[in-house]
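Lettering of chains follows the sequences in order, A, B, ..., and the numbering in each one begins at 1.
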Amino acid sequence: MQIKVLKGMKDVLPSQSARWRAVEREMRKAALLAGYREIRTPVVEHTELFARSAGESSDVVRKEMYTFLDKGERSISLKPESTAGTVRALLESGLYAQALPLKLYYTNAPHFRYEAPQSGRLREHHQFGMECFGASQPSADAELITLVINLLSSFGLKNLSVRINSIGCPNCRPAYQQHFKEYLNQRKDQLCSTCKERLEVNPMRTLDCKDHNCKEALHDAPVMMDYLCDECKEHFELLKRYLEEIGISYSVDPRIVRGLDYYTKTVFEIITTTPTGELTVCGGGRYDGLVEELGGPAIPAVGFGMGVERVLMLLDALEPDECKLQIEDEVPELFVACLNKALSIHAFSLVKSLRDAGFRADMDHQGRSLKAQFKYADKLGAKYIVIIGDDELAKGVVKLRDMSTKEEQEIPLENAASAMKKIIQ
RNA sequence: GUGGGUAUAGUUCAGUGGUAGAGUGCCAGGUUGUGGCCCUGGAGGUCGUGGGUUCGAGCCCCACUACUCACCCCA
């Protein structure tokens, strides 16, 4: 019985891995330009970390975590998001005591959510994310949004839209929630069953319910935007001004409520349209209370997570000329073919010296006919073939064939690599 | 968790209850020193699994499993 990959998990095969590296390379470059440095946190954490950060009532914690008991009967979970782990590392290392703001990023970090996989939604997916600690000003929020838009645009992606909202802070949110809850209670009968539950646990999540009746019931519901305290209001207004200043277009969507409980003030999503509908590529926001919540000092923070698979999905949908991503060339430059098996020993040592000289070079390992070696080299996409034959060897040369022009020339076997370097470049 | 679709060669997929098929890929030959195109041949199948109906099941029925899409939610 053949063993197959687990549900919701995907192998990245050679045909795709160069794209992964290219995307990752650009992400690192963008992060570095803005002063962010890489952090790598473990894939597993104490379950409690996620319960305390994302919130016991969040869907992620309630039903989507990969949770296990380890051999010491500790409850551990594969990380469903990276902010909690980053904050944990920040506190544990004492990094927060150094110069603030502290800017951190991670890329191609595996994340896990135990749910039904479908298009653009896997159980294991990878995120690029950035977190900025100690920056209370909305310029930090704007910096992140700008960076994401720039990055995605640089790949050639279009149809990106930025949606922002403010969900207030502990000063202004309770009053809003009070009013909102009263509003909901009056319309309790119209709500779907999950929203009835939400009403008790986390009423604000009813705002992004897709159920038709719920939408109807909520269409003139009070929104947080109208209840923001002066500080939150000013913060939000400034964020908009920063975005406008550099020409990032956005829309204010008072219904964005993120799935994680730790957010305060700014929340944002970067959305794109696909043939099947809208797809969230990136989501994030401000979490001014989380560091303190997890036992540290009161340090404001803002960050986002971006789904790498989703970015790649969008890139795959682009026409070849629209995709601006530079993919690393992996095809061999030289394939060393030999006329018969006895000559393989010469091919072997030539390949070695070609590789030492920095060429991507390969040879046959199956004892195949010359013709078969040519076919193989052609399938690999080799740019040149080096032919070693008895006649050539007697003369102390090898033949170099340009696969696209079919031109052949003889190269002295001695110092062949440096001679080829001149010809090929 | 709920609902729909699908399951046949490495892969993409045809297949009307009566001999297991094609495209593509792979290997070889046509060409004893030369790739792409062409021609020929070859290898490759427990027809998802288990039951049932039938003289006979890839096909009909039931169950299960896997995959996939959608809902919910999200990256």
Side-chain angles (χ1 to χ4, degrees), chain A residues 1-10 13 54 58-65 79-83 106 108-129 148 152 192-195 197-198 202 205-212 214 256-260 269-272 276-284 303-314 335 337-340 343 366 368-393 398-408:
Chain A
M1 183 66 180
Q2 194 184 338
I3 297 172
K4 301 207 168 145
V5 71
L6 285 170
K7 188 199 271 282
M9 312 280 164
K10 274 255 183 334
L13 301 176
S58 66
D59 285 348
V60 168
V61 170
R62 276 171 54 215
K63 41 183 203 191
E64 294 172 3
M65 276 214 295
K79 63 177 164 193
E81 57 97 37
S82 272
T83 302
Y106 47 86
N108 280 353
H111 289 74
F112 300 84
R113 307 234 176 132
Y114 200 97
E115 54 186 339
Q118 57 194 271
S119 173
R121 224 180 70 181
L122 292 162
R123 285 188 176 179
E124 182 192 35
H125 72 279
H126 298 77
Q127 286 188 24
F128 165 56
V148 170
L152 295 175
C192 72
S193 53
T194 37
C195 280
E197 275 178 50
R198 285 177 178 137
N202 192 351
R205 293 213 55 76
T206 53
L207 277 172
D208 63 0
C209 183
K210 306 293 186 293
D211 182 273
H212 179 75
C214 292
I256 297 180
V257 194
R258 302 208 46 78
L260 308 169
E269 290 178 354
I270 314 259
I271 313 256
T272 182
T276 50
E278 288 184 340
L279 187 74
T280 304
V281 184
C282 171
F304 72 81
M306 183 194 292
V308 178
E309 280 86 350
R310 290 187 177 179
V311 172
L312 288 165
M313 227 174 108
L314 298 174
F335 187 90
C338 48
L339 190 61
N340 56 58
L343 298 171
Q366 295 194 332
R368 287 192 284 203
S369 68
L370 186 65
K371 182 193 175 91
Q373 293 177 63
F374 264 72
K375 278 193 174 179
Y376 179 62
D378 186 54
K379 271 167 199 150
L380 294 180
K383 298 178 166 94
Y384 292 86
I385 281 195
V386 178
I387 304 140
I388 300 181
D390 294 308
D391 301 346
E392 287 83 359
L393 216 53
V398 291
K399 224 177 247 177
L400 180 69
R401 178 186 175 93
D402 184 322
M403 289 295 269
S404 52
T405 66
K406 294 185 173 183
E407 279 168 26
E408 292 186 359

Is any side-chain nitrogen or oxygen of A/R121 closer than 4.0 Å to OP1 or OP2 of B/C69?
no

Check whether any side-chain N or O of A/K7 sits under 4.0 Å from OP1 or OP2 of B/C67, and answer yes or no.
yes

Looking at the side chain of [X], which of [options] is the nearest nucleotide?
| X | options | value |
| --- | --- | --- |
| A/T280 | B/G33, B/A75, B/G35 | B/A75 |
| A/R310 | B/A70, B/C74, B/G36 | B/C74 |
| A/A116 | B/U34, B/G36, B/G1 | B/G1 |

A/L13 meets the side-chain contact (heavy atoms from CB on, under 4.5 Å) criterion, sequence neighbours left out, with A/D11, A/S15

Listing, residues 111-118 of chain A side-chain donor-acceptor contacts under 3.5 Å, not counting sequence neighbours, or none:
from: A/H111; atom 1: ND1; to: A/A109; atom 2: O; distance (Å): 2.8
from: A/H111; atom 1: NE2; to: A/S82; atom 2: OG; distance (Å): 2.6
from: A/R113; atom 1: NE; to: A/P80; atom 2: O; distance (Å): 2.9
from: A/R113; atom 1: NH2; to: A/P80; atom 2: O; distance (Å): 2.8

Please determine if A/D378 and A/K375 form a salt bridge, counting it only when a charged side-chain N lies under 4.0 Å from a carboxylate O.
no

Using atom [atom1] in both nucleotides, what's the gap between [N] and [M] to the nearest angstrom?
| N | M | atom1 | value |
| --- | --- | --- | --- |
| B/G45 | B/A20 | C1' | 8 Å |
| B/U40 | B/G25 | P | 15 Å |
| B/A57 | B/C47 | C1' | 11 Å |
| B/G5 | B/C37 | C1' | 40 Å |
| B/A7 | B/A14 | P | 7 Å |
| B/C59 | B/U8 | P | 13 Å |

Hey, is A/H111 doing a stacking thing with B/A75, by the 5.5 Å centroid and 30° angle criteria?
no

Any donor-acceptor pair, under 3.5 Å, between the side chain of A/R62 and the base of B/C73, if you only look at N and O atoms?
no

Determine whether any donor atom in the side chain of A/E408 lies under 3.5 Å from an acceptor atom in the base of B/U34, or the reverse, and answer yes or no.
yes

Is a side-chain donor or acceptor of A/E309 paired with a backbone partner of A/H126 at a separation under 3.5 angstrom?
yes

Figure out the [atom1]/[atom2] separation between [X] and [N], and round it to whole Å.
| X | N | atom1 | atom2 | result |
| --- | --- | --- | --- | --- |
| A/I387 | B/U32 | CD1 | P | 16 Å |
| A/F374 | B/A28 | CZ | P | 15 Å |
| A/R123 | B/U68 | CZ | C1' | 14 Å |
| A/Q118 | B/G3 | CD | P | 16 Å |

Could you pick out which residue, A/A372 or A/A382, lies toward the 5' side of RNA chain B when each is mapped onto its nearest nucleotide?
A/A372

Starting from the 5' end of RNA chain B, give me the residue, A/K399 or A/G120, whose nearest nucleotide shows up first.
A/K399

Helical stems, RNA chain B - three or more consecutive Watson-Crick or G-U wobble pairs below 3.5 Å
B:1-7 with B:65-71, B:10-13 with B:21-24, B:26-30 with B:38-42, B:48-52 with B:60-64

